[in-house]
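Reviewing the structure listed below.
Note that these values count all heavy atoms, side chains included, but never hydrogens, waters or copies made by symmetry.
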Amino acid sequence: MVDKLPPSFERGTDGPKVIVAGLDGSESSWRATAYAAGLARRQKALLVVVYIQPVLAAGAALGASVADTTGEVAEELMAEMRVAAERLRGVFDVRWEFHTFRGDPYNGLAQAADELKADAVVVGASEQAGHRFIGSVAVRLVKAGRWPVTVVP
């Protein structure tokens, strides 16, 4: 006989209802978003695509308007998502939203997942060689242990 466990927080669903996918425009992030869209479709979950606008002090020192540049990237990514969704309309129906946050990628995705009450987080594998030594966003999300994390190559 199993002892009765104290009640714990449960969202009352089987399977994820909100899936967060990190998108930065890299090939692996597009693959991760496509994978997350498939999960969302099969689970009838909401796909929340998140772009983290980096805060780059070095860009400001060079005279570049970092906020304008990252805002343009966010607009381009959202436009590409809309084109992809329209192309698949009637074939695959996925409820999706696009959100953008400012900050470093790990903290931005963690904040987004917390605020959106994500049941799962999907990210692309890092394409930067240095992350083998300092740790990628994906590894940091997994180590946080707050959500199931899927890393798509």
Any Glu115 side-chain heavy atom under 4.5 Å of Phe101 side chain = yes
Rounded distance (nearest 0.5 Å) linking atom CG of Asp24 with atom CH2 of Trp30 = 10.0 Å
task = Starting at CD of Glu97, measure out to CG of Leu47 and round the result to the nearest 0.5 Å.
result = 9.0 Å
message = Per the salt bridge (charged side-chain N to carboxylate O under 4.0 Å, His left out) rule, what does the pair list look like for residues 141-153, sequence neighbours excluded?
response = Asp114-Arg146
message = I need the minimum non-hydrogen distance between Gly22 and Leu109, along with the two atoms involved.
response = CA-CD2, 3.9 Å
ask   = Is it true that a side-chain atom of Thr33 and a backbone atom of Leu23 form a donor plus acceptor pair closer than 3.5 Å?
value = no
query = For the side chain of Thr150 and the backbone of Val122, is there at least one donor-acceptor N/O pair under 3.5 Å apart?
reply = no
ask   = Does a sphere of radius 6.0 Å around OH in Tyr35 hold more than 12 heavy atoms from other residues, nucleotides or ligands, not counting ones at 6.0 Å or beyond?
value = no
ask   = Which heavy atom of Ala125 sits nearest a heavy atom of Ser28, and at what distance?
value = O-OG, 2.8 Å
query = Got a donor-acceptor contact below 3.5 angstrom from the Arg31 side chain to the Pro153 backbone?
reply = yes
ask   = What is the minimum heavy-atom distance between Val123 and Ala138, and which atoms define it?
value = CG2-CB, 3.7 Å
key: Distance in Å, Leu116 CG paired with Gln111 CD, rounded so as to fall on 0.5 Å steps   = 9.0 Å
Minimum side-chain heavy-atom gap Lys117-Val18 below 4.5 Å = no
ask   = Which heavy atom in Ala37 sits nearest to a heavy atom in Val94, and how many Å separate them?
value = O-CG2, 3.7 Å
query = Shortest non-hydrogen contact from Arg95 to Lys17?
reply = NH2-O, 4.5 Å
task = Not counting sequence neighbours, which residues clear side chain to side chain donor-acceptor pair (under 3.5 Å) with Arg42? List them please.
result = none
Thr100 to Gln53 - nearest heavy-atom pair and separation = OG1-NE2, 3.0 Å
remark   = From the list Val142, Leu141, Val20, Ile19, side-chain contact (heavy atoms from CB on, under 4.5 Å) with Trp147 holds only for Leu141
